[in-house]
Protein chains: 2
Amino acid sequence: MAVTIRDVAKRAGVSLGTVSRYLNGYKLREENRIKVEKAIQELGFKQNIIAKGLKSNRSMTIGVVIDDFTNIFCTSIVTAIERTVERENYSIILCDYEGDTEKLQQKLNFLRDRFVDGLILFSNNVHLSIMDEYIRDGIPIVIVNEDIPGFNTDKVLVDNVGASFRAVERFIHSNHTQIAIINGPHDSWVSQQRFEGYRQALEAYNLPVESRWIKYGNFTTVGGYLAAKEFFKGADVPTALYVTNYYMTLGAVMAIHELNIKVPQELSLIGFDYFELSDVIKPSLTVIEQPTLKMGEIAGNLILKRIKGDYTGYPEVHKLHTRMIIRDSVRIIS
Amino acid sequence: MAVTIRDVAKRAGVSLGTVSRYLNGYKLREENRIKVEKAIQELGFKQNIIAKGLKSNRSMTIGVVIDDFTNIFCTSIVTAIERTVERENYSIILCDYEGDTEKLQQKLNFLRDRFVDGLILFSNNVHLSIMDEYIRDGIPIVIVNEDIPGFNTDKVLVDNVGASFRAVERFIHSNHTQIAIINGPHDSWVSQQRFEGYRQALEAYNLPVESRWIKYGNFTTVGGYLAAKEFFKGADVPTALYVTNYYMTLGAVMAIHELNIKVPQELSLIGFDYFELSDVIKPSLTVIEQPTLKMGEIAGNLILKRIKGDYTGYPEVHKLHTRMIIRDSVRIIS
DNA sequence: TTGTATGCGTTATCAA
DNA sequence: TTGATAACGCATACAA
């Protein structure tokens, strides 16, 4: 069927062991090296990664679990992860769990059955029991974006508190005091942290945290849309609105368009995540940009490092800074 | 290390062959079956899918190649593919090629090196030479969404011509004659088909196809935005606009908002793809919905069927119908 | 530096 | 039906 190292050995007139050693980067006598290389060329030999895995206990795959395939924030990071690990000939098996904890468990089992060499996890809704199995088997885990605070492993996070703080502070510096927030779900660490930054900024400037300015949008477009509408139901409306993720920001913008609220004249707005659309919306939005490419790269390199057995600095917790992209959606009240 | 079928055999007091046969669904003597099941339970045995692959020449993986991880249309289909093949314990290796033909080749090679059991391809920009290698190795290929007309294999497509025809016809029935289109790139089969439907509808109703009503948006949000703006630069503006994919539709809506054009009073609009946002935009859009879930399911089942060696009906070409979701963005001119 | 032999966890062939 | 044994393609310990 396929050409094996046995065929190559025969063709080159050396032993199978020699070919194997050549493939694994050991030094050969110059003369043999040339013969082997020639035979490989001529036969079009390709290593069988599966057989290799059987011996070496390496599958050359990395499991990546995200919430949802259609979440552009996650897939942006995954793009970078893939690009990174591919360079070392690893491939990723990407799974989503559609927000269902049960399904998440199932996927983690699935990945373990496939002997992934490492796991990159975008979630905090995970039973620690299965994580323990990974650890027991020596499979490295990198957590991305969502933290599991009690769980000790490598992490690639974002400074969500700081990001929120600076956004809200910008409103405050522009003399806003009625600053509303559309936040994500309660059980999300990211969500909690972003709220914490909001709270801390208000506190730092001696402004009250008022429940009438706080709504929840579940990190979805529809959620953001509905929450924004809620804020403008009565006469008591905010002058500034901070929306804590991309999809809710889109939803909020749609609601604002629909209600014919002028930004920034009637409402100042800061949103989250800088994708294509942010450029295109009118007025252009001041947004917080998360370093998705960098996150993916770091996560990819980190898992590769651990897979190689290099556990220096373990556990590494990267907390990356966001950038605030200043545009036209915040008005200075004078 | 891990528990093998050898361990199970010893524990159960049978031979390793018996255990293997049990695992592969062969009948055992009742008494042995119980012993084996008990041993598997007690030892927590799991099959090693890699070793299995070595013998059976099955990797239990399916390669899926899409243009871009962040394309929600593709990932919606992938979600369904994954759900489908997962039921038979297959996993997918998802690759994107970021619109780069070179990279696409590279990914296809990469997947072949990993012995994928099947290939699902969302692209028409592919050198047929590597496809031939897949075929030579007996690896089934299913093409999704984008067709490669000369290439003979299973396909899951959408009736793009019909979809466009009906959209444009709807404008015509509402007495529009100045019907503009924002189309995708020239080298995309989907794009060509959608244009063809536009053309055919105009022709069927004896309306001229005019170049001033035709622009290209490269299937991107920014492209749709810019194209829409172009249409409204001068005094000569269309009364109806048909936008041939989701991202361009978003961009066009943003442009229209920015220009303060009233939909449907000043402009009637039909867009493509029915995702979360379509519900939320004001006014709600009449859109063409593609059956992404069904597409993924069919593609998944089709590749599984071929992998099993069932080549009945080959090549199957599925051409699915779209639905038009009628909302408030088309005005009847009286 | 090289060749030989053994084993990774499975499936498949052949007798029994 | 079952057990023993030989592969699958490769890596590696050991001897040469």
Side-chain angles (χ1 to χ4, degrees), chain A residues 1-37 39-40 43-61 89 112-117 137-138 307-309, chain B residues 1-37 39-40 43-61 89 112-117 137-138 307-309:
Chain A
M1 193 73 153
V3 23
T4 74
I5 66 173
R6 216 171 245 102
D7 303 321
V8 174
K10 199 180 297 172
R11 175 81 158 228
V14 297
S15 82
L16 145 180
T18 303
V19 177
S20 172
R21 278 185 289 265
Y22 167 78
L23 292 169
N24 290 288
Y26 293 83
K27 281 262 169 278
L28 264 56
R29 202 188 323 149
E30 188 61 7
E31 179 194 329
N32 279 342
R33 207 207 71 216
I34 293 173
K35 285 198 289 190
V36 170
E37 281 177 353
I40 288 176
L43 297 173
F45 167 77
K46 303 219 166 186
Q47 280 193 72
N48 183 325
I49 205 170
I50 296 187
K52 202 167 170 149
L54 185 58
K55 273 304 283 185
S56 59
N57 264 311
R58 284 278 170 86
S59 65
M60 300 302 286
T61 60
N89 211 28
R112 211 163 52 86
D113 290 350
R114 308 201 76 94
F115 296 88
V116 292
D117 296 331
D137 290 353
I307 288 174
K308 284 179 197 149
Chain B
M1 194 78 151
V3 23
T4 73
I5 66 173
R6 215 169 246 104
D7 302 322
V8 173
K10 199 180 298 173
R11 176 82 160 227
V14 298
S15 82
L16 140 184
T18 304
V19 178
S20 172
R21 278 185 290 264
Y22 168 78
L23 292 170
N24 290 286
Y26 292 84
K27 281 262 170 277
L28 262 54
R29 203 187 322 146
E30 187 63 7
E31 178 194 331
N32 280 341
R33 207 208 71 217
I34 293 172
K35 284 198 288 189
V36 170
E37 281 176 354
I40 287 176
L43 297 173
F45 166 79
K46 303 218 165 185
Q47 279 194 75
N48 183 326
I49 204 170
I50 297 188
K52 199 167 173 152
L54 183 59
K55 275 306 282 186
S56 59
N57 265 312
R58 283 277 173 86
S59 65
M60 300 303 285
T61 60
N89 211 27
R112 211 164 50 85
D113 289 351
R114 308 201 75 94
F115 296 88
V116 291
D117 296 332
D137 291 352
I307 288 175
K308 283 178 199 148

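Just so we're on the same page: letters track the sequence lines, and every chain starts at 1.
Put simply, CG on B:Asp113 is 16 Å from P on D:dG9, counting in whole angstrom units. Computed from coordinates, the A:Asn57 CG to D:dT12 P distance equals 11 Å when rounded to whole Å. A:Lys10 places its NZ atom 14 Å from the P atom of D:dC10, with the value rounded to the nearest Å. B:Arg58 places its CZ atom 18 Å from the P atom of D:dC8, with the value rounded to the nearest Å. If you take CZ of A:Arg29 and C1' of C:dG3, they are 12 Å apart, rounded to a whole angstrom.
Every side chain to side chain contact (heavy atoms under 4.5 Å, CB included) that A:Arg114 has, sequence neighbours left out, goes to A:Ile93, A:Phe110, B:Ile49, B:Met60, B:Thr61, B:Ser91. Listed by chain and number, the residues in a side-chain hydrogen bond (donor to acceptor under 3.5 Å, both in side chains) with B:Asp113 are A:Lys46 (sequence neighbours excluded). With sequence neighbours excluded, no residue satisfies salt bridge (Lys or Arg N to Asp or Glu O under 4.0 Å) with B:Lys55. Residues that satisfy the side chain to side chain contact (heavy atoms under 4.5 Å, CB included) test with A:Leu23, not counting sequence neighbours, are A:Ile5, A:Val19, A:Ile40, A:Phe45, A:Gln47. With sequence neighbours excluded, the residues satisfying salt bridge (Lys or Arg N to Asp or Glu O under 4.0 Å) with B:Arg112 are B:Glu133, B:Asp137. Every residue was checked against the salt bridge (Lys or Arg N to Asp or Glu O under 4.0 Å) condition with B:Lys10, not counting sequence neighbours, and none meets it.
Nearest nucleotide to the side chain of A:Leu54, out of C:dG3, D:dG3, D:dG9: D:dG9.
Distances shorter than 4.0 Å separate none of the side-chain N or O atoms of A:Asn32 from OP1 or OP2 on C:dT1. Phosphate contact (OP1/OP2 of D:dT2, side-chain N/O of B:Thr18, threshold under 4.0 Å): absent.
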Heavy-atom protein contacts under 4.0 Å, nucleotides 10-16 of chain C, coded B base, S sugar-phosphate only, - none: BB-B---
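Each end of the helix from C:dT1-D:dA16 to C:dA16-D:dT1 gets its own axis, taken as the rotation carrying the C1' atoms of four end pairs onto the next four within a five-pair window, and the two axes meet at 40° to the nearest 10 degrees.
The CG atom of B:Leu28 sits 6.0 Å away from atom OG1 of B:Thr18, with the distance rounded to the nearest 0.5 Å.
Applying the salt bridge (charged side-chain N to carboxylate O under 4.0 Å, His left out) definition to pairs two or more places apart or across chains, those involving residues 21-30 of chain B are B:Arg29-B:Glu31, B:Glu30-B:Arg33.
A donor-acceptor contact shorter than 3.5 Å is absent between the side chain of B:Asp117 and the backbone of B:Ile307.
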